[in-house]
Amino acid sequence: MAGTFETVGVVGLGTMGAGIAEVFARAGLTVIGVEADPAALERGRGHLEGSTGRALARGKLTEAERAEILGRVSFTTSLEDLADADLVIEAIPEVMDYKRALFTDLDRVCKPSAVLATNTSSLSVTAIAATTTRPGRVIGMHFFNPAPVMKLVEVVRTVTTDDGLAGEVADLARRLGKTPVTVGDRAGFVVNRLLLAYLNHAAALLENGLAGRDDIDAAMKLGAGFPMGPFALLDLIGLDTSYEICEVLFRETRDRRHAPAPILRELVTAGRLGRKSGEGFHCAEEPQSPSPHEKPSAASVAVLGEGAEEFSARLSGAGFKIVDPEGAELVLALSHTPVVERAVRLPHPDRLVGLHLVGDQVAEVASTVLTSPDTARVAHGLLRILGRTPVPCKDRAEFVVDALLYPYLNDAVRMYESGYASIEDIDTAMKLGCGYPAGPFETLDRLGLETVRDGLRALYAEYREPSFAPAPLLDQLVTAGVRSIRDLTP
Ligand SMILES: NC(=O)c1ccc[n+]([C@@H]2O[C@H](COP(=O)([O-])OP(=O)(O)OC[C@H]3O[C@@H](n4cnc5c(N)ncnc54)[C@H](O)[C@@H]3O)[C@@H](O)[C@H]2O)c1
């Protein structure tokens, strides 16, 4: 059926549209690129020429293939040129009024059988479809940035989409070399709903002073294995776009974790939009702050908590003297929950920090309100000697990585539990849409359902955030002794 789409229109040749036009042309379809702005049209043409030129230089395309691809794409500023298109996809800015006005025009210009698709990241496809006389032929086709590289396409059907159309569009996505995941019309679909909640949560924790920007970025990159930290990713997506998506999510869910963090609003208002404006959370010119490499002056260290023996053995192997907590210059309390209760039981509570080893590379170092700055510095130096990146943070439940990771996993369980998407589709979408090494359900299984459930309980007890309460399904699986959520039949 995907063979019925031979001529496609792409409206808006900005960041996404130019890449989408390239994807269609490379798959052998005839493409009509439409831009409102003549300068943007030339940039779109330049993108296609540049990208195929680079492929030629790398030997990925022959001169003849490149000429064929370029020959399949025409450029225009007139929507009327879309009269014969079989499918038109729009990639104009994420503003509902613009999209609705465009779809009214497309409905008038395009032949009645043409499919009208939107690349919206979060807006209601149903509301866009309702502006046309053909809501059955309107669908979401959500590509990821950069479109030629990212393998995922979310195909979004609405309650009015014709039977079978989602399947045809999914086949088309496959013909483009993409992996489609078909879902219903909910704000943010799969990827942005899970991703933006996590990114916004990171911004809120930064605002609360849990940890610093670079420390949170390092923790999630090195500790959770994400391709980049949340603030680097927010800058890449664009803070204005991220803000808009959070607004749309919040309007639908009324979950306050989706309400854009005030720091996002402030940065956007100040014109700091991320990479596209040169400055966002990070600044393009800022030097990569080399972390000061303090040599620990403490010779005597005590280790408390689960795993203390093993960790003590590593410390003595590195030349540290292991002593009792009462006599130690530095007390490391291995924990992922607050350690201030341990500190107050010591004669020198200022000498204790909480220590949570995350993966092979990161060590979260939690300072209590009693920890002296010297103690924290010494602990950081000691961890660097052991080859770990210290992530200084406040003494709060689950410290940094798990405080960000567990609610994201919980959201994925809730999404599955609501019947919105299958476990496999959610895992596929997060891997192919975000470049994550594993999907949330694979991560849940690796960490252990009970560990995550208990961590969520601790987070809920600390922050009293209703959506941190473990999803009922997660709780039940732990109670039932089920070890892998992926064993559930879809
Ligand atoms: N940027 C991303 O990472 C990303 C990823 C996935 C989806 N999206 C979605 O894709 C859409 C486009 O985003 P973008 O980042 O490419 O935006 P962009 O601002 O880079 O490009 C939009 C282009 O549309 C043109 N345009 C505006 N109105 C038009 C009209 N009526 N007719 C023709 N052209 C018009 C503009 O001149 C501009 O060149 C949005 O809905 C966005 O949510 C973006």
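Each ligand, and each atom within it, is numbered from 1 in the order the structure gives. In what follows, every heavy atom counts, from backbone to side chain, and hydrogens, waters and symmetry copies are set aside.
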Trainee: Could you go through ligand 1 and list every pair where one of its N or O atoms sits under 3.5 Å from a protein N or O, giving the atom names and the distance to one decimal?
Mentor:
from     : atom 1 : to   : atom 2 : distance (Å)
ligand 1 : 3 (O)  : N145 : ND2    : 3.1
ligand 1 : 8 (N)  : S121 : OG     : 3.2
ligand 1 : 10 (O) : N119 : ND2    : 2.9
ligand 1 : 16 (O) : T15  : N      : 3.3
ligand 1 : 16 (O) : M16  : N      : 2.8
ligand 1 : 20 (O) : T15  : N      : 3.0
ligand 1 : 20 (O) : T15  : OG1    : 2.8
ligand 1 : 34 (N) : A36  : N      : 3.2
ligand 1 : 37 (O) : E35  : OE1    : 3.0
ligand 1 : 37 (O) : E35  : OE2    : 3.3
ligand 1 : 39 (O) : E35  : OE2    : 2.4
ligand 1 : 41 (O) : I92  : O      : 3.3
ligand 1 : 41 (O) : E94  : OE1    : 2.6
ligand 1 : 41 (O) : K99  : NZ     : 2.5
ligand 1 : 43 (O) : E94  : OE1    : 2.8
ligand 1 : 43 (O) : S121 : OG     : 2.7

Trainee: Is there a donor-acceptor contact under 3.5 Å from the side chain of R157 to the main chain of D185?
Mentor: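 Such a contact is absent between R157 side chain and D185 backbone.
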Trainee: Would you sort out whether S122 and E94 count as a side chain to side chain donor-acceptor pair (under 3.5 Å), showing the intermediate values?
Mentor: CA-CA 8 Å; S122 60; E94 188 77 345; 2.9 Å; yes
Trainee: Let me confirm one number: the CG-CG distance from D411 to L194, rounded to the nearest 0.5 Å.
Mentor: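 Between atom CG of D411 and atom CG of L194 there are 6.0 Å.
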Trainee: Angle between ring planes, Y408 versus Y198, binned at 30° and 60°: parallel, tilted or perpendicular?
Mentor: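 Rings of Y408 and Y198: tilted, 30 to 60°.
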Trainee: What are the two closest non-hydrogen atoms of A187 and E252, and how far apart are they?
Mentor: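 Nearest pair, atom of A187 first, then E252: N-OE1, 3.0 Å.
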Trainee: Between S484 and D445, does a side chain to side chain donor-acceptor pair (under 3.5 Å) hold up when you go through it step by step?
Mentor: CA-CA 5 Å; S484 169; D445 281 358; 2.5 Å; yes
